[in-house]
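All values derive from a computational prediction rather than experimental measurement.
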Amino acid sequence: MSGTATTDSAAQLLYPPNVQFNIGKLYTIKFLASCFAGAVAGILGLENWLGFALFLFSTAWTSACLYVKCKGRPAKYMAGGLWELVNPGQENMFSFLLVWTLFYG
């Protein structure tokens with residue numbers, strides 16, 4: 001019970017304009033990383049599961065870099081905390097697929 005109270009009080013300390021700015025930057029970084037990974041997968045000619053493995057690797061690598069940038073405390077900068085960092089997002093998956101097929105051809 002005290003764990004949820006601590007999480008709720010920490011979320012109340014976040015300044016909404018800063019959180020909105022951080023979320024916007026996070027989505028931009030994830031979008032660019034997924035497009036870059038799609039370009040790499042297409043140029044390398046990866047097919048099937050190898051391409052998706054590259055997407056998962058790039059998502060994990062991007063999340064790890066952002067975790068380090070947040071100094072190990074992502075909940076201090078965004079309401080979703082760690083889940084916000086590791087969530088690849090459906091739009092990023094589609095961007096990856098689009099760029100992958102564009103560069104593969």
Side-chain angles (χ1 to χ4, degrees):
M1 183 77 177
S2 64
T4 58
T6 312
T7 306
D8 292 338
S9 64
Q12 291 175 355
L13 295 176
L14 297 174
Y15 185 60
N18 289 349
V19 171
Q20 191 65 28
F21 177 80
N22 291 341
I23 295 293
K25 290 295 180 180
L26 180 68
Y27 284 140
T28 301
I29 291 168
K30 286 182 177 183
F31 171 75
L32 292 174
S34 65
C35 288
F36 180 73
V40 169
I43 290 170
L44 292 177
L46 299 180
E47 296 178 350
N48 298 331
W49 295 109
L50 287 176
F52 290 111
L54 180 67
F55 174 73
L56 291 176
F57 174 76
S58 73
T59 301
W61 179 255
T62 303
S63 299
C65 290
L66 290 170
Y67 184 79
V68 169
K69 182 72 175 168
C70 291
K71 299 176 183 93
R73 298 178 58 201
K76 182 178 177 182
Y77 300 99
M78 59 201 79
L82 185 61
W83 173 248
E84 198 69 36
L85 288 182
V86 298
N87 183 10
Q90 183 177 0
E91 63 278 357
N92 293 331
M93 180 65 158
F94 289 136
S95 299
F96 170 79
L97 287 172
L98 179 68
V99 177
W100 183 13
T101 55
L102 176 72
F103 278 83
Y104 185 78

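Among all heavy-atom pairs drawn from F55 and N92, the shortest one is CE1-O, 4.0 Å. Considering all non-hydrogen atoms of both residues, F96 and S34 come closest at CD1-O, 3.5 Å. Closest of all the heavy-atom pairs between L50 and L46 is O-CD1, 4.0 Å.
The list of side chain to side chain donor-acceptor pair (under 3.5 Å) pairs with a residue in residues 80-89, not counting sequence neighbours, reads Y27-E84. Residue pairs meeting the side chain to side chain donor-acceptor pair (under 3.5 Å) criterion with at least one member in residues 93-105, sequence neighbours excluded, are E47-Y104. Pairs engaging residues 51-75 under the side chain to side chain donor-acceptor pair (under 3.5 Å) rule: none recorded [sequence neighbours left out].
Residue E91 places its CD atom among more than 12 non-hydrogen atoms of other residues, nucleotides or ligands, all under 6.0 Å distant.
One hydrophobic cluster, built from ILVMFWY side chains closer than 4.5 Å, holds both L26 and L82. Hydrophobic clustering (ILVMFWY, side-chain heavy atoms < 4.5 Å, transitive): L54 and F36 are in one cluster. By the criterion of side-chain heavy atoms lying less than 4.5 angstrom apart, applied directly or through intervening Ile, Leu, Val, Met, Phe, Trp or Tyr residues, V19 is grouped together with I29 in one hydrophobic cluster.
One finds the CG atom of L56 at 9.5 Å from the CH2 atom of W49 (value rounded to the nearest 0.5 Å). How far NZ of K30 is from CG of L66: 7.5 Å, rounded to the nearest 0.5 Å.
In this structure, the side chain to side chain contact (heavy atoms under 4.5 Å, CB included) partners of L32, at least two apart in sequence or on a different chain, are T28. Residues satisfying the ring-ring contact (aromatic ring centres under 6.0 Å, His included) test with Y77, not counting sequence neighbours, are none.
Hydrophobic side-chain contacts under 4.5 Å tie I43 into a cluster, directly or through other members, with V99, L102, F103. Summarising the hydrophobic clusters (Ile, Leu, Val, Met, Phe, Trp, Tyr; side-chain heavy atoms under 4.5 Å, direct or chained), the residues clustered with F57 are none.
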